[in-house]
Enquirer: 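Once you've had a glance at the structure underneath, I'll fire off some questions.
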Amino acid sequence: MRFVDEYRDADTARALAARIEALCEPGRAYKFMEVCGGHTHTIYKHGLEDHLPEAVTLVHGPGCPVCVIPMGRVDDAIHIAEQPDVIMTSFGDMTRVPGGRGSFQDATARGADIRMVYSPLDALKVARDNPDKRVVFMAIGFETTAPSTAMTVLRAEAERICNFSVFCNHVTIIPAIKAILDSPDLRLDGFIGPGHVSTVIGCRPYDFVARDYGKPLVVAGFEPLDVLDSIHRNLVQLARGRAAVENQYARVVPWDGNRKALAVINEVMEPRPHFEWRGLGFISHSALQMRERYAAFDAERIFQIPGGRVADPQACQCGEVLKGVLKPWECKVFGTACTPETPIGTCMVSSEGACAAYYNFGRFSRARVREATRT
């Protein structure tokens, strides 16, 4: 099967692992961040950490779109859902994300009409089928999913479906990476660049990582050999004393991105002045909002929302996990009070969340294994 079996070949993986080990300088430690939650899923599902030398450490980044939504935005969405004659629609992962007033599931139990959909076009169909209701789509995700939201708004305008609106929570990856690089409590040697986002924005926007911060970044695919190859490419750059952006995922990602997708995003949306990220705080121009021209489809203009901030539970350390400061197992409630069945933080909710990946695949850091051996 093309592009599956050949990207999971065990002999090739062992050869790549040997080349990675050979590139590691004696006494030096390397830390690479996989920005995308899909990479975290691949790493722990296939046990890639077990095949890397001790000198190489992988840390999770803020690339899980569900994980970065702050609790206050969940509460705002629940407030909209509880208004008269409103049907709230969302992707399945969002239904279990905890806010200050519970999750969408809790709001449904209180009587709100909240429905799971697989795409914004499904939400538009709900609006078409329920003309007496106000249907709101909870739009989340990076630039990967923003084009489908924008296209749905254009479809709603063309069909004059006036009872449809979007509660826009789309975020953008570049400001988040810059915030990570500016963080004083995290030292990184390079990045495994996000694959899904890059299919839309391309590779060129990451140039600042190499130019301004001197760090290599390799945009990678999601198969095991893709991830290992991206680590190898990072190490080759470091060994040669250079920093550049590379496109390991060239079979899918165009260097300049998908211009049609970018154009439709720009048509319907514009950058917000600032937006709060879970764990990273407020980041300027790091999210999208509806343009004034499409105010009729903007739930934030249609409904009066509280817009308050809600602090994360004190026991939850999702923020530190999203910044790569902590491994999931270092959180004091990981696997005990916080599990996929009873999540306290968002990193345990989404299948792309680092905590859920660790928990579901039973993968624990080698550092933890060494700690347990010493004790």
Side-chain angles (χ1 to χ4, degrees), residues 35 61-80 90 94 97 99-100 120 136-154 157 165-184 194 197-198 200-202 204-209 211-213 257 261-312 318-319 322-323 346:
V35 177
C64 165
V66 170
C67 303
V68 302
I69 298 296
M71 296 180 75
R73 295 294 285 186
V74 178
D75 283 0
D76 289 342
I78 290 174
H79 174 81
I80 294 172
S90 82
M94 272 304 305
V97 174
V136 181
F137 174 62
M138 175 78 172
I140 64 166
F142 288 88
E143 291 95 336
T144 317
T145 54
S148 61
T149 300
M151 287 297 298
T152 302
V153 170
L154 295 178
E157 181 186 51
S165 62
V166 170
F167 183 46
C168 190
N169 293 274
H170 285 297
V171 289
T172 55
I173 194 65
I174 297 301
I177 293 177
K178 188 176 187 305
I180 290 290
L181 286 164
D182 289 336
S183 176
V197 169
S198 302
V200 175
I201 70 171
R204 198 175 301 280
Y206 305 115
D207 281 346
F208 79 98
V209 177
R211 182 187 64 245
D212 300 338
Y213 294 90
L262 291 169
V264 75
I265 294 173
N266 186 60
E267 164 68 20
V268 177
M269 303 172 189
E270 63 185 357
R272 292 177 183 268
H274 57 268
F275 190 77
E276 183 183 6
W277 291 56
R278 185 182 292 253
L280 297 177
F282 283 94
I283 304 176
S284 299
H285 302 108
S286 64
L288 301 172
Q289 64 185 7
M290 305 288 285
R291 290 189 181 275
E292 180 67 32
R293 176 182 170 184
Y294 297 97
F297 302 98
D298 186 357
E300 292 184 74
R301 289 182 169 99
I302 296 170
F303 300 93
Q304 295 293 322
I305 60 174
R309 298 186 65 191
V310 179
D312 289 339
C318 254
L322 286 169
K323 289 189 292 186
T346 53

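All values below were derived from every heavy atom in this structure, side-chain atoms included, with hydrogens, water molecules and symmetry-related copies excluded. Because the structure is a prediction, the values reported are computed rather than measured.
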Enquirer: First locate atom OG of Ser198, then atom OH of Tyr206, and finally report the distance between them rounded to the nearest 0.5 Å.
Expert: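 That separation rounds to 3.0 Å.
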Enquirer: If the condition is side-chain contact (heavy atoms from CB on, under 4.5 Å), which residues does Glu157 pass it with, not counting sequence neighbours?
Expert: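 side-chain contact (heavy atoms from CB on, under 4.5 Å) list for Glu157, sorted by chain: Leu154, Arg293, Tyr294, Phe297.
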Enquirer: Measure the CZ-CZ distance between Phe137 and Phe167 for me, rounded to the nearest 0.5 Å.
Expert: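 Separation between the atoms: 12.5 Å.
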Enquirer: I need the Ile140 CD1 to Ile69 CD1 distance, nearest 0.5 Å.
Expert: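 Rounded to the nearest 0.5 Å, the CD1-CD1 separation comes to 6.0 Å.
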Enquirer: Could you tell me which residues satisfy side chain to side chain donor-acceptor pair (under 3.5 Å) with Arg301, sequence neighbours excluded, listed by chain and number?
Expert: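 Per chain and number, Arg301 pairs via side chain to side chain donor-acceptor pair (under 3.5 Å) with Glu292, Asp298.
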Enquirer: Would you please name every residue forming a side chain to side chain donor-acceptor pair (under 3.5 Å) with Thr149, sequence neighbours left out?
Expert: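 Counting only residues at least two positions away or on another chain, Thr149 forms a side chain to side chain donor-acceptor pair (under 3.5 Å) with His170.
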Enquirer: Please give me the minimum heavy-atom distance between Pro271 and Gln289, naming the atom from each residue.
Expert: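 Where Pro271 meets Gln289 most closely, the heavy atoms are O-NE2, 3.9 Å.
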Enquirer: For Pro62 and Trp277, which heavy atoms make the closest approach, and how far apart are they?
Expert: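 The pair with the smallest heavy-atom distance is O-CZ3, 4.0 Å.
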Enquirer: Quick one: side-chain contact (heavy atoms from CB on, under 4.5 Å) partners of Thr144, sequence neighbours excluded?
Expert: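 Thr144: side-chain contact (heavy atoms from CB on, under 4.5 Å) contacts with Phe142, His196, Val197.
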Enquirer: So, for Cys168 and Met290, which heavy atoms are closest and what is the spacing to 0.1 Å?
Expert: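 Looks like CB-CG, 4.5 Å.
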Enquirer: Tell me which one of Thr172, Ile174, Ile177 satisfies side-chain contact (heavy atoms from CB on, under 4.5 Å) with Pro205.
Expert: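 By the side-chain contact (heavy atoms from CB on, under 4.5 Å) criterion, Pro205 pairs with just one of Thr172, Ile174, Ile177: Ile174.
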Enquirer: Which distance, rounded to the nearest 0.5 Å, do you find between the OG of Ser183 and the CG of Leu280?
Expert: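 Atom-to-atom, Ser183:OG and Leu280:CG are 8.0 Å apart.
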Enquirer: Got a sec, which residues hit ring-ring contact (aromatic ring centres under 6.0 Å, His included) with His285, two or more places apart in sequence or on another chain?
Expert: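 Expected list: none.
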Enquirer: Where the side chain of His79 meets the backbone of Gln304, is there a donor-acceptor pair that is under 3.5 Å apart?
Expert: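 Yes, because the side chain of His79 sits within donor-acceptor range (under 3.5 Å) of the backbone of Gln304.
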Enquirer: Taking side-chain contact (heavy atoms from CB on, under 4.5 Å) as the definition, give me every residue that meets it alongside Ala261, ordered by chain and number, with sequence neighbours left out.
Expert: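 side-chain contact (heavy atoms from CB on, under 4.5 Å) check on Ala261 returns Pro147, Val200, Asn258.
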Enquirer: Once ring-ring contact (aromatic ring centres under 6.0 Å, His included) is applied, do any residues pair with Tyr213, and if so which ones, sequence neighbours excluded?
Expert: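 So Tyr213 forms no ring-ring contact (aromatic ring centres under 6.0 Å, His included) with any residue.
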Enquirer: Are the side chain of Arg291 and the backbone N or O of Val268 linked by a donor-acceptor pair below 3.5 Å?
Expert: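 Side chain of Arg291 to backbone of Val268, a donor-acceptor pair under 3.5 Å: no, none is there.
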Enquirer: Nearest 0.5 angstrom please: His274 NE2 to Ile283 CD1, how far?
Expert: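 Between atom NE2 of His274 and atom CD1 of Ile283 there are 12.0 Å.
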Enquirer: What I'd like to find out is whether the side chain of Pro175 reaches to under 4.5 Å of the side chain of Phe275, using heavy atoms alone.
Expert: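 Answer no - side chains too far apart.
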Enquirer: Is there a donor-acceptor pair closer than 3.5 Å between any side-chain N or O of Asp76 and the backbone N or O of Ile305?
Expert: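 No: the side chain of Asp76 does not pair with the backbone of Ile305.
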Enquirer: Which heavy atom in Pro120 sits nearest to a heavy atom in Ser148, and how many Å separate them?
Expert: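 That closest heavy-atom pairing would be CG-O, 3.6 Å.
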Enquirer: The test is side-chain contact (heavy atoms from CB on, under 4.5 Å); show your working for Ser286 and Val171 and say whether it passes.
Expert: CA-CA 6 Å; Ser286 64; Val171 289; 5.8 Å; no
Enquirer: Identify the two heavy atoms, one from Cys67 and one from Arg278, that lie closest to each other, and give their separation to 0.1 Å.
Expert: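 Scanning both residues, the minimum pair turns out to be O-CD, 3.3 Å.
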Enquirer: With sequence neighbours left out, what residues match Glu300 under side chain to side chain donor-acceptor pair (under 3.5 Å)?
Expert: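 Counting only residues at least two positions away or on another chain, Glu300 forms a side chain to side chain donor-acceptor pair (under 3.5 Å) with Arg73, Arg272.
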Enquirer: Might you point out which heavy atoms bring Ala146 and Met269 nearest each other, and give the distance in Å?
Expert: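 Answer, listing the atom of Ala146 first, then Met269: O-CE, 3.8 Å.
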Enquirer: Under the side chain to side chain donor-acceptor pair (under 3.5 Å) rule, collect the residues that match up with Arg211, sequence neighbours excluded.
Expert: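 Not a single residue meets the side chain to side chain donor-acceptor pair (under 3.5 Å) criterion with Arg211.
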Enquirer: Can you tell me which residue pairs pass the salt bridge (charged side-chain N to carboxylate O under 4.0 Å, His left out) test with a partner in residues 167-177, sequence neighbours excluded?
Expert: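 Sorted result for residues 167-177: empty, none.
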